[in-house]
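Each remark here refers to the structure printed beneath this line.
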Amino acid sequence: MTAGVRQQPHGAGRPRPGPSARPGLVGWLTASALLAGIGYRLWLLAHSTPATNSDEATMGLAALHIARGEGFPVWFYGQQYMGTLEAYLAAPIFALAGGPSVLGLRLPTLALYALFLLLAWRLTLRLTGDRWFGLLVVALLALGSDRIVKNQLIAGGGYPEMNAAGVALALLAVGLAAGRPGRRLARWALWGFLAGLMLWVDPLVLPYVAATGAVLVGFCHRELRGRAGALLGSAAVLGAAPLLLHSLVNERNPLRAVLAASGANASADWADRLHGGLVLGPPLGMGFCAPGSCATWQLWWALALPVLLAVAAATAWRALRRPADPAPRAAAATRLALVLAAVATLGAYTVSSAAGLTPVESSRYLSCLLISLPALLWPVWTAARRGLATDRGGVGSALVRPVAVAVLVATLGTAVHATWRAAQTVPPTRAAEARHAELVSTLRQLGVRHVRAGYWTCNRLTFASAEDVVCAVVDDTLRPGFDRYPAYRREVERAATAAWVAPTGSPLAAWLDERLRAAPGSLGLVTVDGWRIYLPRA
């Protein structure tokens, strides 16, 4: 792979690696950063971090049903969008392990992260030819704030696979646009298959599909008129086959469900949308904030990002217009595509109601911005190493290099701080997981088979017990809630008796405690650390 990078000519204005950029040294450092990123996340998984939830458990239940041959769901249970690729990846692990587990569910997401990190390094080298810059990008992506590791490791649908697929699409696009020989038809087919697959899995990555597709059209329109175009189209249909077949059979429009989930049917004030989308969103979504919040000083990235987008777009456009060989022009076009995809992603999120209604949690919708990191930081890296061109001179030229260095140091330092804060959540998260395991064990010991509980308890409990305990969702007043898998509710309603489970101190627990006080003896109470189990009495 290194030899392939050396064959790429350096474009004008692109810094050539100096004598210190020996492949051996930078190669070892990059490999260390790669292993550190994977090792950090493996350590988190070994310590039950990040915390699981009922949405992830829903994907786990789908994987369990696939492993047992009981069902082959196309969509995340309870909705008509977001494909179940993660469930199909985890199902063989459940089958081999003899049962479900959060670790088994997350091993494929860890593999997807490792693939993303490796492909991001290859893409950076292909776009810039600078191995030291590739090391910087890998180091940044090896870090992981609370929001970042949740996006990358929790199998809640779409997020772990989007970044790997987006980088792969860009890497394939720049190679095809540059005219790189060798297995071109296979690469056309792979690009089409990934584009179609992502259409099924999660539409959030579509700006990157469109942008890299535009690069292919601009550079390879003649080739696309022949076998390459036919193969790409056929592969895209194959990748999107679950979506297309389900939509045809059921006469349903998945786009309508996606728009509803994005908040299109809700209402949020524009000031809240702008604050959530442009101020809180970028630092949270790109890994510069502590768990669940952003300190004021961490919001600096929200001010820097528009400037970086503008500078990256301008430099890529200038390089694209400069006469050069196909490879440098293809690299410049791909950098521009990544910048435009980032702008589209940020814009779509900002105008959505989700940015205004739930800005902290919904910042996950910006996870694809990490795909654009090499394009965003390349002009800053260039300026930090060389400053402005010497023929410009002046005070502005003298200031460019220290400002660029300061931006790179601040970017790395803020990400390190957020990663350190995320690592501090491990002890309480592991303790909470131990308390939940004790809850499952206690229910089994009590012989409880059917329970009613809140949404964020139900599917997690059912998954953790491998369906030994089946749960129906209720709200805080014991009214029926949203069951993603209706078969569980039907089974609970057929049962002669069903217990209630509620977290200690929750509104549901308070309601059940009041019922217990009003009718002493109507319920038996068993307490587990952090949980309350209410057993019905005849």
Side-chain angles (χ1 to χ4, degrees), residues 51-95 99-102 104-106 108-109 150 153-162 197-204 240-247 249-262 361 364 440 450-475 480-494 501:
T52 189
N53 54 49
S54 272
D55 280 348
E56 183 177 30
T58 299
M59 189 66 77
L61 290 167
L64 180 62
H65 297 158
I66 294 167
R68 292 174 175 173
E70 297 173 355
F72 301 94
V74 172
W75 304 114
F76 194 77
Y77 285 146
Q79 59 195 44
Q80 299 297 319
Y81 63 96
M82 201 159 68
T84 48
L85 177 61
E86 292 162 13
Y88 284 92
L89 294 176
I93 298 175
F94 288 2
S101 67
V102 174
L105 185 58
R106 291 180 177 180
T109 66
K150 285 178 178 177
L153 298 180
I154 291 179
Y159 298 98
E161 51 266 57
M162 282 193 300
L197 188 68
M198 288 301 103
L199 186 64
W200 167 51
V201 170
D202 200 311
L204 287 175
L243 178 152
L244 298 175
L245 291 175
H246 186 271
S247 299
V249 170
N250 295 279
E251 298 182 353
R252 290 175 176 171
N253 182 3
L255 179 60
R256 188 175 303 167
V258 171
L259 291 175
S262 68
E361 184 59 31
R364 67 185 186 274
V440 175
H450 303 94
V451 303
R452 294 184 173 90
Y455 176 85
W456 293 109
T457 300
C458 254
N459 277 4
R460 183 185 176 192
L461 184 57
T462 303
F463 176 69
S465 67
E467 295 186 315
D468 289 343
V469 178
V470 176
C471 182
V473 178
V474 296
D475 65 14
F482 174 44
D483 291 280
R484 287 194 173 274
Y485 193 65
Y488 293 149
R489 172 165 295 280
R490 292 193 292 268
E491 184 173 342
V492 171
E493 289 177 346
R494 287 195 301 265
V501 174

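The structure displayed is predicted, hence computed values, not measured ones.
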Is there a side-chain contact between Val440 and Leu461 in this structure, where contact means two heavy atoms from C-beta onward sitting under 4.5 Å apart? yes
Under the salt bridge (charged side-chain N to carboxylate O under 4.0 Å, His left out) rule, what pairs show up with a residue in residues 452-462, not counting sequence neighbours? Glu433-Arg460
Looking at Arg364 and Glu361, what are the two nearest heavy atoms and their distance? NH1-O, 3.0 Å
Apply side-chain contact (heavy atoms from CB on, under 4.5 Å) to Ala453 and list each qualifying residue two or more places apart in sequence or on a separate chain. Thr457, Cys458, Cys471, Val501
dist Met198:CE -> Leu243:CG (nearest 0.5 Å) comes out at 12.0 Å
Would you name the heavy atoms of Ile93 and Gly104 that are closest together and state the gap between them? CD1-O, 3.6 Å
Measuring only between side-chain heavy atoms, which start at C-beta, is Asp202 closer than 4.5 Å to Tyr81? no
Note: Met59 and Thr84 closest approach over all heavy atoms is SD-CA, 4.1 Å
Only counting residues at least two apart or in another chain, list the ones meeting ring-ring contact (aromatic ring centres under 6.0 Å, His included) with His450. none
By side-chain contact (heavy atoms from CB on, under 4.5 Å), Ala95 pairs with (sequence neighbours left out) Ala67
When you measure from the side chain of Tyr88 to the backbone of Pro73, do you find a donor-acceptor pair of N or O atoms at a distance under 3.5 Å? yes
Test side chain to side chain donor-acceptor pair (under 3.5 Å) on Tyr455 and Asp55 and set out the steps. CA-CA 9 Å; Tyr455 176 85; Asp55 280 348; 2.4 Å; yes
Between Glu467 and His65, is any pair of side-chain heavy atoms under 4.5 Å apart? yes
What heavy-atom pair brings His246 and Val74 nearest, and what distance separates the two atoms? CB-CG1, 4.2 Å
Closest approach of Pro100 and Phe463, non-hydrogen atoms and distance? CB-CE1, 3.4 Å
Short side-chain donor-acceptor distance under 3.5 Å, Tyr77 and Asp483: no
Taking side-chain contact (heavy atoms from CB on, under 4.5 Å) as the test, write out the residues that go with Leu197, two or more places apart. Leu85, Phe193, Trp200, Val201
Heavy atoms only: give me the nearest Thr109-Leu105 pair and the separation to one decimal. CG2-O, 4.2 Å
So do Phe94 and Ile66 actually touch side chain to side chain, heavy atoms under 4.5 Å? no
Ignoring hydrogens and geometry, is there a side-chain-to-backbone donor-acceptor pair from Glu56 to Gly156 under 3.5 Å? no
Who passes side-chain contact (heavy atoms from CB on, under 4.5 Å) against Asn459, sequence neighbours left out? Ser54, Ala57, Thr58, Leu61, Arg484, Tyr488
